[in-house]
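The structure appears below as structure tokens.
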Protein chains: 2
Amino acid sequence: MKRPTLEAVAARAGVSRATVSRVVNGQLTVTPQIRDAVMRAVDELGYVPNSAARSLVTQRTDSVALVVSEPPTRVFSEDPMFSTVIRSASLELEAADKQVVLMLAGSQKSHARIERYVAGGHVDGVMLISMHGADPLPAAVARMGVPAVSYGRPAVPVPLPYVDNDNVGGAVKAVRHLLDRGRRRIATIAGPQDMIGGQDRLAGYRDALRDSDRRSIVAVGDFTRQSGAAAMRHLLQDDPQLDAVFVANDLMAIGALQALRQAGRRVPDDVAVVGFDDIEAARFTEPPLTTIRHPVSEQAAAMVQLLLGLLRGGPAVPVVLPTELVVRDSA
Amino acid sequence: MKRPTLEAVAARAGVSRATVSRVVNGQLTVTPQIRDAVMRAVDELGYVPNSAARSLVTQRTDSVALVVSEPPTRVFSEDPMFSTVIRSASLELEAADKQVVLMLAGSQKSHARIERYVAGGHVDGVMLISMHGADPLPAAVARMGVPAVSYGRPAVPVPLPYVDNDNVGGAVKAVRHLLDRGRRRIATIAGPQDMIGGQDRLAGYRDALRDSDRRSIVAVGDFTRQSGAAAMRHLLQDDPQLDAVFVANDLMAIGALQALRQAGRRVPDDVAVVGFDDIEAARFTEPPLTTIRHPVSEQAAAMVQLLLGLLRGGPAVPVVLPTELVVRDSA
DNA sequence: GACGAGCGCGAGAGCGCTCTCACATTGGAG
DNA sequence: CTCCAATGTGAGAGCGCTCTCGCGCTCGTC
């Protein structure tokens with residue numbers, strides 16, 4: 001009932017351990033004839049290399065950690081984006097024959113655990129998903145000297161290459177669209193300012209308005225639907241004249257749509273709404289939501305490629321992916 | 001720049017490797033004084049055990065595979081349940097100091113990969129999430145003789161312990177509720193019959209109706225909202241008199257609600273609707289959805305405990321968790 | 001035909017750890 | 001005071017693999 005070892009395969013094929021090792025690892029300095037004999041022995045015995053033994057000597061583990069840092073609000077992990085990122089990253093890593101070790105970073109305790117684990121050299125690299133400014137993990141990971149990348153630009157400056165979408169550019173696109181449609185009083189519902197998406201999308205809104213001579217009208221939410229509805233009510237109270245609102249994510253935009261309906265405003269006739277993210281639900285709102293799409297899968301895949309590059313000794317250059325305006329009926 | 005080894009710690013503490021090993025592994029046959037000295041050396045050097053070396057000799061890896069089998073329809077992985085299960089299982093395993101290796105089973109290729117990986121003894125146990133009847137993976141995993149458990153009862157009989165919720169009982173509860181409210185013509189929108197949830201919930205519906213003398217009216221969907229709406233339209237066409245419908249999941253129930261509204265039926269006045277799952281959106285439908293709640297997190301945690309039990313040589317007994325009727329406005 | 005280059009293969013060391021076993025050392029009993 | 005158990009520690013083997021090194025063989029060259 002024991003698993004066969006290199007030794008057993010070698011004995012069966014009538015060669016040395018070293019030769020079997022060469023064949024198994026695909027070196028081409030082996031005579032085809034011997035190679036075949038070894039392959040046959042491998043098949044017959046059902047030999048599978050012992051990864052522990054292998055990584056003991058190679059100092060590689062062929063596995064990477066996918067660290068998901070859970071923000072206090074839990075927005076992210078309840079987000080469908082969460083599964084998309086994980087799935088896309090997994091598929092991409094699978095193609096590169098890397099194992100994915102999933103680690104959730106919630107509590108203080110789990111932080112210590114992750115640091116120990118990574119510092120212990122149990123993984124070749126780290127992918128960090130953290131959208132929260134106060135998160136100490138990006139800095140910690142960067143400090144450890146292990147190849148690491150971040151999904152999304154870290155909210156505080158940290159020497160960690162990242163793959164992000166162009167939040168600023170996307171917000172600019174959204175606001176420009178509203179300006180092009182002749183909207184005059186364009187408000188925004190911003191995201192939490194301790195998350196990079198929140199910061200950058202607000203910055204984009206401000207940039208776009210600065211070019212025109214409109215004044216900015218800002219309410220802040222926390223990326224949940226409820227907060228979007230609340231923010232919309234505030235905005236309507238502050239400036240009943242507003243005729244457009246750029247909302248920093250679709251979930252809040254859906255809340256805003258609700259609030260507008262309750263306030264008796266027609267969308268887009270009275271108030272135009274543009275969201276951000278293009279989540280699935282954006283297609284089914286009433287009216288369907290105009291929004292900024294960013295490629296979540298591609299971003300995850302790009303993150304993996306960035307890490308794989310690092311592992312091969314490549315450069316640590318951030319990647320920023322473009323966004324796209326999706327025009328539906330709400331603006 | 002090299003990581004310290006046991007040897008180094010031993011040298012610094014002035015003891016043997018064996019003693020350091022004892023301390024690190026928490027054996028209590030070490031004199032407190034020596035123990036302290038070792039601990040100090042460990043701290044000073046920042047020693048972290050090399051897991052490859054350790055599992056090479058212990059034949060354990062302290063990690064388990066979480067295999068997510070992606071059904072063709074992709075319903076599951078887009079489901080928020082997906083993240084909930086993963087999160088809950090991860091947290092529970094973290095508490096037991098086990099590593100989580102995430103594996104997606106989509107293509108044929110990935111199946112082979114997973115089998116190789118698991119058979120290769122790279123993990124101590126396997127957790128399988130597969131809701132799809134035609135999936136060969138549960139059988140394959142069961143055959144390998146590695147400790148393994150399934151989230152949800154495998155759709156075909158397979159010698160694999162599982163943790164499931166009481167789908168049949170939940171459906172019975174739903175239908176009984178409709179009966180109690182005096183509904184006379186109770187239809188159902190069933191889920192796909194190659195998924196266990198689809199089968200069992202339909203069985204529960206039939207069971208409950210058999211006790212009364214109502215006839216059953218069945219349409220089948222595929223757990224997506226669109227299919228729910230389509231099925232509802234069919235049902236209304238087949239039997240315009242129906243006054244209630246039990247829908248096998250909330251997503252389809254939401255679709256059904258839409259279809260009913262478009263058909264000019266009032267909910268619950270004309271037609272009562274009960275869903276299944278209690279997803280978050282069920283609270284925000286118009287009207288809020290009466291549904292069957294099952295504890296997803298608890299189920300995932302129970303699955304982990306079941307596996308941990310197996311790893312300790314415990315018994316392989318399936319667990320079935322109770323469901324709960326959540327009454328809102330739709331029925 | 002002699003010689004050196006080059007290529008394929010095997011021997012053996014060693015990765016960092018655990019664990020068995022034998023060896024002190026101590027304390028209590030006779 | 002001797003002896004034996006009990007207890008704590010160290011020496012050393014070995015987990016399964018990779019990789020360096022050197023040896024023997026073949027082939028081309030002069």
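Below, read A as the first sequence line, B as the second, and so on, with proteins coming before strands; counting in each chain starts at 1.
- In this structure, the side chain of A:N25 does not engage the main chain of A:Q27 through any donor-acceptor pair within 3.5 Å.
- Residue A:T31 has a polar side-chain atom (N or O) positioned under 4.0 Å from OP1 or OP2 of C:dC9.
- One can place CG of A:D62 at 15 Å from P of D:dC17, the figure rounded to the nearest angstrom.
- Although no hydrogens or angles enter the test, the distance criterion places no donor-acceptor pair under 3.5 Å between the side chain of A:D62 and the main chain of A:K98.
- Remark: side-chain polar atoms of A:S88 are not paired, donor with acceptor, to backbone N or O of A:T84 under 3.5 angstrom.
- C:dC17 atom P lies 10 Å from atom CD of A:Q59, rounded to whole Å.
- In this model, a donor atom of one side chain and an acceptor atom of the other lie less than 3.5 Å apart for A:S16 and A:T19.
- Within residues 18-29 of chain A, the residues that have a heavy atom under 4.0 Å from DNA chain D are, in order of number, A:A18, A:S21, A:N25.
- Going from atom NE2 of A:H122 over to atom P of C:dG16 covers 13 Å, rounded to whole Å.
- Atom C1' of nucleotide D:dC17 and atom CD of A:E7 are separated by 11 Å, given to the nearest angstrom.
- Of the possible polar contacts, one joining the A:R3 side chain to the A:V48 backbone as a donor-acceptor pair under 3.5 Å is found.
- Comparing D:dG16, C:dC17, D:dT18 by their nearest atom to the side chain of B:P49 picks out C:dC17.
- Straight-line distance from the CZ atom of A:R3 to the P atom of D:dG16: 9 Å, rounded to whole Å.
- Side-chain atoms of A:S63 never come within 3.5 Å of backbone atoms of A:Q99 as a donor-acceptor pair (strictly under, hydrogens ignored).
- The side chain to side chain contact (heavy atoms under 4.5 Å, CB included) check on A:T5 picks up A:E7, A:A8, with sequence neighbours excluded.
- The interatomic distance linking B:N50 (CG) with D:dC15 (P) rounds to 18 Å, in whole Å.
- The CZ-P distance, from A:R17 to C:dG14, rounds to 14 Å in whole Å.
- D:dT18 atom P lies 12 Å from atom CG of B:L56, rounded to whole Å.
- Judged by distance alone, with hydrogens and angles left aside, the side-chain atoms of B:T58 form a donor-acceptor pair with the main-chain N or O of B:R54 at under 3.5 Å.
- Nearer to the 5' terminus of DNA chain D, by closest-nucleotide assignment, is the contact made by B:V30 (compared with the other of B:V57 and B:V30).
- For the segment residues 34-41 of chain B, no residue has any heavy atom less than 4.0 angstrom from an atom of DNA chain C.
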Next on the checklist: Could you walk me through whether B:L6 and B:Y47 satisfy the side-chain contact (heavy atoms from CB on, under 4.5 Å) test, starting with their C-alpha distance in whole Å, then the side-chain angles of each, then the deciding distance to 0.1 Å, before giving a yes or no?
Outcome noted: CA-CA 8 Å; B:L6 256 202; B:Y47 170 74; 3.6 Å; yes

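- Contact between the side-chain N/O atoms of B:S16 and the OP1/OP2 oxygens of D:dG10 is found at a separation under 4.0 Å.
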